[in-house]
Participant: 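Can you read through this structure? Questions will come right after.
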Amino acid sequence: MAAQFGDYQYEIQFNALSGVLPELPMAFAELERRAKATLSPSLWSYVAGGAGDEFTQRANVRAFEQWGLIPRMLVGAAERDLSVELFGLTLPSPLFLAPVGVLGLCAQDGHGDLATARAAARTGVPMVASTLTVDPLEQVAGELGDTPGFFQLYPPKDRELAASLVARAEAAGFKGIVVTLDTWVLGWRPGDLATGNFPQLRGNCLANYTSDPVFRARLAKPPQEDMQAAVLEWVSVFAAPLTWADLPWLRSLTTLPLILKGICHPEDVRRARDAGVDGIYCSNHGGRQANGGLPALAALPGVVAAADGLPVLFDSGVRSGADLVKALALGATAVGVGRPYTYGLALGGAAGVEHVLRSLLAEADLIMAVDGYPTPADLTRDALVRLPGEVG
Ligand SMILES: Cc1cc2nc3c(=O)[nH]c(=O)nc-3n(C[C@H](O)[C@H](O)[C@H](O)COP(=O)(O)O)c2cc1C
């Protein structure tokens with residue numbers, strides 16, 4: 001029988017027989033608690049915090065509690081196959097690493113983007129690399145091994161710069177471009193405002209800009225001689241408030257699969273489809289951008305219906321293997337996590353990310369085994385029952 005993700009529990013139990021207990025947390029609450037103790041207070045606030053009073057962020061997590069998976073018996077799901085097809089790639093599982101802009105800073109050696117890429121290489125879990133990295137995208141791509149990576153673009157106001165970033169991502173071997181649409185302006189984040197927290201303004205996580213020939217040509221002096229001027233230039237170009245009229249331009253930037261991140265309304269899905277995008281990424285940025293919004297999971301079924309067969313990536317609020325399974329049953333083609341693996345990175349670098357991913361996959365795999373759903377295709381809306389209760 002092929003190796004199954006759930007076998008991670010045997011590895012842990014056998015290690016325990018020889019007296020070695022897991023150093024990294026097994027439960028999300030413990031992961032969160034220890035990451036908080038490890039990260040500096042300002043980095044913790046940036047990573048864990050969200051918009052407003054964090055209603056949407058909490059609702060993202062609690063939305064999963066509104067659904068229960070219905071166990072099916074005598075299915076004989078002794079062997080599961082979690083693989084999925086996405087943009088012509090065969091992935092070992094539907095799990096992926098959502099783009100997280102301060103990863104670099106979260107690792108103890110200050111190179112968390114590279115550590116995350118190494119964890120992707122070891123696990124086969126694709127990484128969506130953020131625009132905002134400590135190390136340039138070429139170096140991140142260099143650590144991915146055979147695992148596919150995707151490049152996430154915050155479309156800058158400067159179109160030449162956008163084209164340059166996309167061309168570099170293509171040349172570096174990324175397999176698709178994820179354009180994030182919900183962050184052309186920063187949301188209201190009281191925690192970060194109270195602590196004056198905005199890592200990029202201090203010159204952090206700007207390597208993709210400072211290494212870019214188009215960006216550098218705009219500067220009077222190289223960034224290493226005048227980082228303050230580079231930061232000011234970055235502020236002036238960072239994010240363009242795009243409209244639907246700009247979508248043909250975005251489409252024209254690449255022949256790679258183009259995926260739009262931040263889509264929650266069915267009508268937006270239809271317009272994106274009409275403009276020729278290859279994938280829809282349903283997300284509310286983990287509740288970091290606009291408070292008061294619906295949980296992303298509540299938007300997922302409408303997005304999937306409107307996508308009409310186009311792949312739908314999903315994130316926001318996934319904290320367990322059970323959540324992964326539920327998002328699949330609601331129609332997601334692939335499911336991303338953000339904060340959980342960032343906490344693993346803070347605690348254990350690449351090994352910490354790997355542990356978080358393997359734990360999520362093991363739990364999902366074992367739920368699919370116990371409940372009789374041996375493949376993602378078996379997980380349909382019929383596998384779920386809606387439970388009574390409030391969200392938020
Ligand atoms: C600290 C942090 C930084 C993030 N940076 C980015 C980013 O650079 N680009 C992006 O598209 N999304 C970014 N996101 C959003 C994630 O891609 C993802 O949508 C979100 O984390 C999913 O929610 P979760 O944290 O509840 O899993 C960031 C999220 C966090 C927590």
Side-chain angles (χ1 to χ4, degrees), residues 28 31-32 35-36 39-40 42-51 54 56-64 95-107 112-113 116 126-134 137 140 150-156 165 176-184 186-187 189 191-192 197-200 204-209 234 238-239 259-264 281-290 293 295-297 299-300 313-320 323-324 327 332 334-346 353 356-357 360:
F28 179 75
L31 180 71
E32 198 173 32
K36 182 175 182 181
L39 290 168
S40 68
S42 64
L43 208 47
W44 169 256
S45 152
Y46 188 79
V47 174
E54 300 178 350
T56 301
Q57 186 172 326
R58 286 190 302 279
N60 279 340
V61 173
R62 292 197 48 199
F64 286 91
L95 185 64
F96 71 92
L97 295 145
V100 170
V102 292
L103 280 183
L105 305 179
C106 291
D113 309 290
T116 302
M127 173 183 185
V128 184
S130 169
T131 317
L132 298 169
T133 47
V134 163
L137 62 92
V140 177
F150 296 82
F151 179 69
Q152 176 265 322
L153 179 74
Y154 280 130
L165 290 167
I177 305 293
V178 172
V179 178
T180 300
L181 299 175
D182 60 14
T183 312
W184 55 271
L186 203 62
R189 297 182 194 163
D192 290 337
N197 209 7
F198 191 170
Q200 293 78 15
N204 292 310
C205 310
L206 299 181
N208 284 330
Y209 300 88
W234 175 78
F238 170 59
I259 301 114
L260 298 187
K261 180 171 188 269
I263 302 264
C264 291
Y281 190 150
C282 175
S283 163
N284 62 19
H285 216 106
R288 298 169 67 76
Q289 276 296 84
L297 193 73
L300 180 60
L313 283 67
F314 171 84
D315 76 24
S316 294
V318 174
R319 298 290 176 267
S320 67
D323 296 345
L324 167 56
V335 179
V337 279
R339 293 182 183 87
Y341 83 84
T342 311
Y343 298 157
L345 175 70
V353 176
V356 168
L357 298 176
L360 285 166

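Both counts, for ligands and for their atoms, begin at 1 and track the order of listing.
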Participant: Restricting to side-chain contact (heavy atoms from CB on, under 4.5 Å), what partner residues turn up for Glu54, sequence neighbours left out?
Facilitator: Gln57, Arg58
Participant: To the closest 0.5 Å, what do you measure between CZ (Arg288) and CG (Asn60)?
Facilitator: 12.0 Å
Participant: Side chains of His285 and Ser316: do they bring a donor and an acceptor to under 3.5 Å?
Facilitator: no
Participant: Could you list, one pair per line, each nitrogen or oxygen of ligand 1 together with any protein nitrogen or oxygen closer than 3.5 Å, giving atom names and the distance rounded to 0.1 Å?
Facilitator:
{"from": "ligand 1", "atom 1": "5 (N)", "to": "Gly101", "atom 2": "N", "distance (Å)": "2.8"}
{"from": "ligand 1", "atom 1": "8 (O)", "to": "Gly101", "atom 2": "N", "distance (Å)": "3.4"}
{"from": "ligand 1", "atom 1": "8 (O)", "to": "Ser130", "atom 2": "OG", "distance (Å)": "2.7"}
{"from": "ligand 1", "atom 1": "8 (O)", "to": "Tyr154", "atom 2": "OH", "distance (Å)": "3.2"}
{"from": "ligand 1", "atom 1": "9 (N)", "to": "Gln152", "atom 2": "OE1", "distance (Å)": "3.1"}
{"from": "ligand 1", "atom 1": "9 (N)", "to": "Tyr154", "atom 2": "OH", "distance (Å)": "2.7"}
{"from": "ligand 1", "atom 1": "11 (O)", "to": "Thr180", "atom 2": "OG1", "distance (Å)": "2.7"}
{"from": "ligand 1", "atom 1": "11 (O)", "to": "Lys261", "atom 2": "NZ", "distance (Å)": "3.1"}
{"from": "ligand 1", "atom 1": "12 (N)", "to": "Pro99", "atom 2": "O", "distance (Å)": "3.3"}
{"from": "ligand 1", "atom 1": "12 (N)", "to": "Lys261", "atom 2": "NZ", "distance (Å)": "3.0"}
{"from": "ligand 1", "atom 1": "12 (N)", "to": "His285", "atom 2": "NE2", "distance (Å)": "3.4"}
{"from": "ligand 1", "atom 1": "14 (N)", "to": "Pro99", "atom 2": "O", "distance (Å)": "3.1"}
{"from": "ligand 1", "atom 1": "14 (N)", "to": "His285", "atom 2": "NE2", "distance (Å)": "3.3"}
{"from": "ligand 1", "atom 1": "17 (O)", "to": "Pro99", "atom 2": "O", "distance (Å)": "2.6"}
{"from": "ligand 1", "atom 1": "17 (O)", "to": "Lys261", "atom 2": "NZ", "distance (Å)": "3.1"}
{"from": "ligand 1", "atom 1": "19 (O)", "to": "Lys261", "atom 2": "NZ", "distance (Å)": "3.1"}
{"from": "ligand 1", "atom 1": "19 (O)", "to": "Ser283", "atom 2": "OG", "distance (Å)": "3.4"}
{"from": "ligand 1", "atom 1": "19 (O)", "to": "Asp315", "atom 2": "OD1", "distance (Å)": "3.0"}
{"from": "ligand 1", "atom 1": "19 (O)", "to": "Asp315", "atom 2": "OD2", "distance (Å)": "2.8"}
{"from": "ligand 1", "atom 1": "25 (O)", "to": "Arg339", "atom 2": "N", "distance (Å)": "3.0"}
{"from": "ligand 1", "atom 1": "25 (O)", "to": "Arg339", "atom 2": "NH1", "distance (Å)": "3.0"}
{"from": "ligand 1", "atom 1": "26 (O)", "to": "Gly317", "atom 2": "N", "distance (Å)": "3.0"}
{"from": "ligand 1", "atom 1": "26 (O)", "to": "Arg319", "atom 2": "NH1", "distance (Å)": "3.1"}
{"from": "ligand 1", "atom 1": "26 (O)", "to": "Arg319", "atom 2": "NH2", "distance (Å)": "2.8"}
{"from": "ligand 1", "atom 1": "26 (O)", "to": "Arg339", "atom 2": "NH1", "distance (Å)": "3.4"}
{"from": "ligand 1", "atom 1": "27 (O)", "to": "Arg319", "atom 2": "NH1", "distance (Å)": "3.3"}
{"from": "ligand 1", "atom 1": "27 (O)", "to": "Gly338", "atom 2": "N", "distance (Å)": "2.9"}

Participant: For the residue pair Asn284 and Thr56, confirm or rule out a side-chain donor-acceptor distance under 3.5 Å.
Facilitator: no
Participant: Would you say Thr116 and Asp113 are linked by a side-chain donor-acceptor pair, where the criterion is simply a distance under 3.5 Å?
Facilitator: no
Participant: State the CG-OG distance between Leu260 and Ser283, to the nearest 0.5 angstrom.
Facilitator: 12.5 Å
